[in-house]
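Worksheet: the structure to be examined is printed underneath.
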Amino acid sequence: GQVDVETREGRHLFEAQVYLDDVPADAVNVELYANPVSGDQPVRIKMQRGHELLGSQGGYAYAAAAPATRPAGDYTVRVVPFKDGASTPLEAGEILWQR
């Protein structure tokens, strides 16, 4: 779905519409992701699930803030499978990336 970004007070505020359909919301994490720069680790920021999107099945608004030390365009939204106690490789085929 749509991703909106607002920059203020040194932060990028992201809100993403995510449509999970039949997938339970607890079975995924929605994250902001940015590739590493200068040998640093990738940036992964968990987005918080908000209100359900009216008229949708499994649609929710997710929100997160990222430091504005990098351009907002460096960040992308991704949906990552989640199960407590399990880890998902960075490039797993089940990860859905924002287009």
Side-chain angles (χ1 to χ4, degrees):
Q2 180 176 327
V3 177
D4 295 316
V5 183
E6 181 182 335
T7 303
R8 65 174 180 219
E9 299 175 5
R11 300 183 319 160
H12 301 301
L13 307 173
F14 290 84
E15 183 171 288
Q17 296 175 347
V18 178
Y19 298 93
L20 300 172
D21 295 329
D22 293 330
V23 176
D26 293 339
V28 300
N29 280 332
V30 178
E31 300 177 336
L32 285 177
Y33 177 89
N35 286 322
V37 291
S38 303
D40 290 337
Q41 295 293 314
V43 177
R44 296 174 63 184
I45 301 169
K46 184 176 177 183
M47 299 184 80
Q48 299 301 310
R49 184 176 58 219
H51 64 276
E52 190 169 359
L53 300 174
L54 295 176
S56 71
Q57 177 181 348
Y60 297 92
Y62 284 81
T69 53
R70 295 179 65 169
D74 282 3
Y75 296 92
T76 189
V77 175
R78 67 186 199 156
V79 179
V80 182
F82 173 77
K83 181 166 175 58
D84 196 30
S87 66
T88 303
L90 181 62
E91 297 299 326
E94 297 80 14
I95 297 174
L96 298 177
W97 296 83
Q98 172 191 357
R99 295 180 190 180

Requested in this report: First locate atom NE2 of His12, then atom CZ of Arg70, and finally report the distance between them rounded to the nearest 0.5 Å.
Outcome: 9.5 Å
Query raised in the report: Is Met47 linked to Tyr19 within one hydrophobic cluster, defined over Ile, Leu, Val, Met, Phe, Trp and Tyr using a side-chain heavy-atom separation of less than 4.5 Å?
Result: no
**Report entry** Within-4.5 Å side-chain heavy-atom neighbours: Lys46 and Val80
**Finding:** no
Check residues 51-65 and write down every donor-acceptor pair under 3.5 Å in which the side-chain atom is one partner and the other belongs to a residue at least two apart or another chain.
{"unit_1": "Ser56", "atom_1": "OG", "unit_2": "Leu53", "atom_2": "O", "d": "2.8"}
{"unit_1": "Ser56", "atom_1": "OG", "unit_2": "Gly59", "atom_2": "N", "d": "3.3"}
{"unit_1": "Gln57", "atom_1": "NE2", "unit_2": "Asp22", "atom_2": "OD1", "d": "2.3"}

Query - Minimum side-chain heavy-atom gap Val77-Leu32 below 4.5 Å - result: yes
Query - Approximate separation, where rounding is to 0.5 Å, of Gln48 CD and Asn29 CG - result: 9.5 Å
Requested in this report: Grab the two heavy atoms, one from Phe14 and one from Ala72, that are nearest each other, plus how far apart they are.
Outcome: CZ-O, 3.8 Å
Report task. Would you kindly confirm whether Val30 and Val23 end up in one hydrophobic cluster when ILVMFWY residues are joined by side chain heavy atoms under 4.5 Å apart? Result -> yes
Query - Interatomic spacing from CD in Glu31 to CZ in Arg78 - rounded to 0.5 Å - result: 4.5 Å
**Report entry** Minimum heavy-atom distance Ile45-Tyr75, with the two atoms named
**Finding:** CD1-CE2, 4.5 Å
Query raised in the report: Do any pairs count as a salt bridge (Lys or Arg N to Asp or Glu O under 4.0 Å) and have a residue in residues 8-21, sequence neighbours left out, and if so which ones?
Result: Glu6-Arg8
Query raised in the report: Which pair of heavy atoms, one from Pro36 and one from Pro42, lies closest together, and at what distance?
Result: CB-N, 3.8 Å
